[in-house]
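Below is one structure, written out as structure tokens; the observations come after it.
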Amino acid sequence: MTRGITQEYAGIFGMLQRIIDWTVLTSSGWLAYWLTFGGWAMPPQYINALLLGLLLSIIVFSEANLYRGWRGKNLNEELHAVLFSLGAVALLLTGIAFAIKLGGSFSRLWFGLWLILSASGLSLARIGIRSTLCQLRAQGFNQRRVVIVGCGTLSERVVHAIDDAPSAGLKMLGSFFDDDDACSVSPLPRLGGIQDVRGYVEEKSVDQVWLAMPLHAEGAIRKVLHDLRHSTADICFVPDIFGFNLLNHNVSEIAGVPVVNLTSSPMRGLNGVIKAVEDRLLALIILVLIMPLMLIIAAGVKLSSPGPVFFRQARHGWDGKPITVYKFRSMQVHQENSGKITQATRNDCRITPFGAFLRRTSLDELPQFINVLQGRMSIVGPRPHAIEHNEFYKDQVDRYMLRHKVKPGITGWAQVNGYRGETDTLYKMAKRVEYDLFYIENWSISFDLKIILLTLFRGFVNKNAY
């Protein structure tokens with residue numbers, strides 16, 4: 001199962017958990033009313049109180065981060081978080097009722113039963129979902145393929161912790177890497193040294209690389225990070241802090257192992273679902289609105305020069321997977337040398353007059369809303385580059401391939417800041433990558449909307465668009 005599919009399933013389960021929580025809270029309120037008054041016809045003030053409680057739970061549960069990934073976490077920790085959040089909702093409701101002097105309008109028995117039933121239902125739902133996920137992961141569903149770099153006591157603790165936590169959905173590939181030939185990690189075989197990690201990760205489609213190495217092994221850590229700079233696998237550093245009693249530390253835990261995630265996509269779990277809904281909904285609306293314009297442009301392309309209406313090009317998508325990107329053809333049909341893609345330049349003789357107009361106004365990009373609807377691209381994200389350009393720049397620009405931690409976009413933070421069009425210098429590409437990585441590190445729905453609005457004023461017509 002690919003990493004992209006795993007992320008989408010995680011997002012589906014996150015949304016399912018929200019729906020279950022809302023259902024439990026609502027049905028508990030009605031059941032509590034029936035137990036209190038012996039009927040289902042709930043008066044308006046009780047319905048309003050129930051709706052207010054539901055609204056508060058949506059806000060509080062999200063702020064408490066209840067819908068984050070609980071993979072490998074202790075069940076008691078999850079249940080404590082749920083019950084604490086429900087208690088916060090109860091306190092807010094009580095405070096609101098006291099402030100507007102409506103406390104006497106409600107039965108305390110009903111309110112107490114509602115909280116008890118809600119707490120029971122939410123807890124049972126979490127236990128049920130966790131049990132279901134455990135069974136699915138035991139059957140190979142929604143698993144992460146893991147390899148360990150490093151050996152010794154720390155590595156062995158990691159291996160045993162993963163073996164003791166099957167619900168975490170982590171699959172050890174039965175190997176470890178270390179430069180010391182005499183080093184061992186029971187019961188795993190040594191497959192090679194640090195220099196062999198990259199080839200193995202690429203060959204086996206590894207999802208996560210865990211660096212279980214001491215802090216003083218800085219050279220080896222840098223070597224692994226450098227070798228995997230083109231990989232989209234998650235790289236996690238496992239610090240040797242088992243003997244420390246830390247307070248308010250910022251180290252996450254997976255299967256009871258403290259892990260610092262060095263490279264990760266923000267589009268995991270619920271974020272991926274939100275982003276997908278945002279993309280497809282906006283793309284559908286926009287395509288309906290611009291369809292007449294696209295038909296006119298298609299006719300113009302066909303009449304301006306012989307050849308197809310659409311230009312199709314293979315580019316890298318999410319996690320570096322190849323995708324086909326659509327554009328309105330703006331050049332004369334020509335044949336490139338194998339393995340070479342020549343960027344368009346100012347006064348490029350290959351560009352047709354009508355194509356020059358399309359490129360200046362960015363109208364040639366409109367078919368990419370079809371890519372968004374297909375799920376291959378996003379409306380906002382790093383612009384997709386030709387595969388040949390990626391092969392060239394990945395060794396020239398630091399952290400270049402990390403752009404593929406999210407889906408490529410029609411517009412992006414780099415484009416609205418002027419870094420679009422021809423990248424005739426290494427500096428221009430480095431600045432584009434810098435803006436792309438800033439977007440990935442700071443992604444939010446509001447950031448997306450800001451970029452879309454800026455695109456309307458800055459992104460369509462630009463001096464670098466030719």
Side-chain angles (χ1 to χ4, degrees), residues 7 11 263-290 293-294 315-319 323 325-328 358-386 389-390 393 397 399-423 427-466:
Q7 293 169 0
T263 62
S264 182
S265 171
M267 302 308 168
R268 293 190 181 279
L270 186 62
N271 283 351
V273 174
I274 293 173
K275 181 73 167 175
V277 171
E278 171 200 349
D279 283 333
R280 286 173 172 81
L281 182 60
L282 290 178
L284 182 60
I285 293 172
I286 291 172
L287 279 172
V288 170
L289 294 175
I290 67 174
L293 175 61
M294 290 183 65
R315 303 196 175 187
H316 280 135
W318 194 10
D319 275 342
I323 62 172
V325 173
Y326 306 133
K327 297 176 69 173
F328 280 121
L358 295 180
R359 297 174 74 94
R360 282 196 305 272
T361 56
S362 299
L363 293 175
D364 62 323
E365 311 281 359
L366 294 183
Q368 288 170 26
F369 284 105
I370 300 174
N371 287 128
V372 176
L373 208 57
Q374 292 172 328
R376 298 175 182 173
M377 291 180 61
S378 290
I379 293 178
V380 180
R383 286 291 299 152
H385 297 161
H389 291 161
N390 284 339
Y393 283 112
V397 179
R399 302 201 301 165
Y400 177 89
M401 290 299 285
L402 293 183
R403 300 172 71 252
H404 303 295
K405 282 291 184 179
V406 298
K407 291 180 183 179
I410 298 176
T411 184
W413 186 233
Q415 281 62 47
V416 299
N417 281 281
Y419 291 97
R420 58 164 297 179
E422 182 185 9
T423 50
Y427 172 79
K428 289 182 180 179
M429 181 59 77
K431 291 298 292 184
R432 179 183 291 187
V433 171
E434 178 184 328
Y435 278 96
D436 288 340
L437 295 184
F438 178 86
Y439 166 77
I440 294 173
E441 292 169 357
N442 297 275
W443 174 82
S444 68
I445 291 293
S446 59
F447 197 9
D448 274 359
L449 295 177
K450 176 181 178 179
I451 293 172
I452 291 172
L453 289 175
L454 288 174
T455 301
L456 298 176
F457 297 99
R458 302 182 191 173
F460 283 109
V461 180
N462 186 280
K463 64 180 181 179
N464 295 325
Y466 46 81

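Hydrogens, waters and symmetry mates play no part in the numbers below; they use all other heavy atoms, side chains included.
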Rounded to the nearest 0.5 Å, what separates atom CD in Gln368 from atom CE in Met377? 4.0 Å
Report the C-alpha distance between Leu402 and Val433 in whole Å, list the side-chain angles of each, state the deciding distance to 0.1 Å, and finish with yes or no for side chain to side chain contact (heavy atoms under 4.5 Å, CB included). CA-CA 9 Å; Leu402 293 183; Val433 171; over 6 Å; no
For the pair Phe438 and Trp413, name the ring-plane relationship: parallel under 30°, tilted 30 to 60°, perpendicular over 60°. parallel
So how far is it from Thr411 OG1 to Ile379 CD1, rounded to the nearest 0.5 Å? 10.0 Å
Separation of Thr361 OG1 from Arg359 CZ (nearest 0.5 Å): 11.0 Å
Sequence neighbours left out, what passes salt bridge (charged side-chain N to carboxylate O under 4.0 Å, His left out) with Asp448? Give chain and number order. Lys275
Apply side chain to side chain contact (heavy atoms under 4.5 Å, CB included) to His316 and His385, showing your working. CA-CA 7 Å; His316 280 135; His385 297 161; over 6 Å; no
Ring of Tyr400, cation from Arg403 - is the NZ or CZ under 6.0 Å from the centre and inside 45° of the axis? yes
Does Glu365 come within less than 4.0 Å of Arg383, counting only side-chain N to carboxylate O? yes
Inter-residue atom distance Asp436.CG - Gln415.CD, 0.5 Å rounding: 6.5 Å
Cationic N near anionic O, under 4.0 Å, Lys407 to Glu278: no
CD on Glu434 to CG on Asn417, rounded to 0.5 Å: 10.0 Å
Please round to the nearest 0.5 Å and tell me the distance separating atom CD1 of Ile285 and atom CZ of Phe369. 11.5 Å
